[in-house]
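Some notes on the structure that comes next.
Chain A is the first sequence line, chain B the second, and so forth, proteins listed ahead of strands; every chain is numbered from 1. Only heavy atoms go into these numbers, but all of them, side chains included; no hydrogens, no water, no symmetry mates.
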Amino acid sequence: MSYVDLSIPDLALAALLLVVNGALSFALGLRFELSLAVAALRMVVQISAIGMLLKFVLGQTSPGWTALVGLVMVLVAAFELLRRQERRFRSWVMYGLGSAVLLLTGGLGALYAVAIVAGPELLSNPRYLLPVLGMALGNTLTSASLSLQTLAEGVELERGAIEARIALGATRFAAFSSLLQRAFRTATTPLIAAMALAGAVAMPDMMAGQILAGADPVAAARQQIMIMLVLAGAAALGALAAAVGGVRLLTDKRHRLRLDRLAQA
Amino acid sequence: MLKVDYLSVRGLSPLSFEVAARQCLAIEGPSGSGKSRLLRAIADLDPADGYVFLEGVERREVPAQQWRRRVRYVATEPAWWARTAREHFPSTGRLERLLSSLALEPDKLDAPLAELSTGERQRLGLLRAIADDPQVLLLDEPTSALDPPTGALVEELIKFQILVGRIVVLVSHDAAQIGRLAHARLRLLAAEAPRANQSAAA
């Protein structure tokens, strides 16, 4: 094993490239130095915090801690999902839908992945579960968010066509079928692109991390394949669940279109 | 028999009226007086308190899709979800006959909808709405985009629908058209509260 531990000065050196960028931005009046600095600082604080938190949680033996941290991760991801929507549903409903979708698909994906990688006896081991949950949530968040965004924007543009189908006796899902298709296609495009490019153009982050940490590249590749398959599956399910939930929010039991449920932007 | 009982449409006081089969009720009133909202509420496209009965069955007693297959709202400007009109029609053998009754050539069915005139689309929208034989037609200004001769063809089609037993509720700004088609009329007043319990039984 050739694991390289980084010191604080090493990290400062790593920031040098960004500092050069910031200086250029300042010198040329591009005005992005401040947002660059804030984003970088935010990243440093968040990653350090999650590192320390994970160290603490990994030291605990009670599975309650794992569950608690997992739940907090889901709620934070749901908040982020809500923040990303330009045309929002009434927020508490949206928050509920987001949490449910993320918990269901991200959580199930993570549990399923860990059960395969590490074996079911390690399900309660936070060292496996939490990082996989984090990756699953990130993927599901992106696809669910794209799906809802496409749906919310499309429903205003295609309101007439959707209502025409409803007036002709279609169910709400039949009336939304072309929009649902589009939402699902938009949401899964990044997943398909990521799988198509993985390894050929972009080195997947997890595999890169494992190789940096001294793992056998072939073993790392196998883990990456497994994780990509499970994450893509979970994210696609997330997109579907979000779209179905979105249609239910935008219509009522009498299959009426209820745009009044979209908050005014 | 279509029976509207204390139907509360936004901006109107509750309305009650009845229209029998083979009858046409015209709804008049200035723009913004709630004519379209009333039709939409009858088709259960907007939430509204109160009751609407068709042959004694209240709208909430049947699945919404089934209600709208029997009680059909026909918007002034029909909206489309596919490229050509044909994709919007149920497959029925009498489509060509319906088209010719409104002076539409059969090739209009396969032309891109964007290339048709507003009047052609309005006629196709009406045909789409009657192709699966709904019992009640709620027509929202069905001839607004048509010249007088074509409008007369649409009126003939509406008369035929009434003759074969349909119930028609017609929103129109054309007093002469109302005179030619309607058996009773209901006038909605602007802004201020309209008269409640207007009885327009035929």
Q: Measure Ala170(A) against the heavy atoms of chain B and call it side chain, backbone, both or neither at under 4.5 Å.
A: backbone
**Q.** Interface moiety of Pro47(B) toward chain A, non-hydrogen atoms closer than 4.5 Å
**A.** both
Q. Do the charged groups of Asp46(B) and Arg256(A) touch, with an N to O distance under 4.0 Å?
A. no
Q: Could you tell me whether Arg254(A) and Asp252(A) have a side-chain N and a carboxylate O separated by less than 4.0 Å?
A: no
Q) Pick from Ala64(B), Ala43(B), Ala79(B): which one has the most heavy-atom pairs with chain A under 4.5 Å? A) Ala64(B)
Q. Does some side-chain heavy atom of Arg165(A) sit less than 4.5 Å from a side-chain heavy atom of Ser177(A)?
A. yes
Q) Is the shortest distance from a Lys or Arg side-chain nitrogen in Arg72(B) or Asp132(B) to a carboxylate oxygen in the other one below 4.0 Å? A) yes
Q. Going by an N to O cut-off under 4.0 Å, is there a salt bridge joining Glu156(A) and Arg159(A)?
A. no
Q: Heavy-atom distances under 4.5 Å only: say whether Arg172(A) touches chain B with side chain, backbone, both or neither.
A: neither
Q | Interchain contact, Arg70(B) with chain A, by part (heavy-atom threshold 4.5 Å) | A | neither
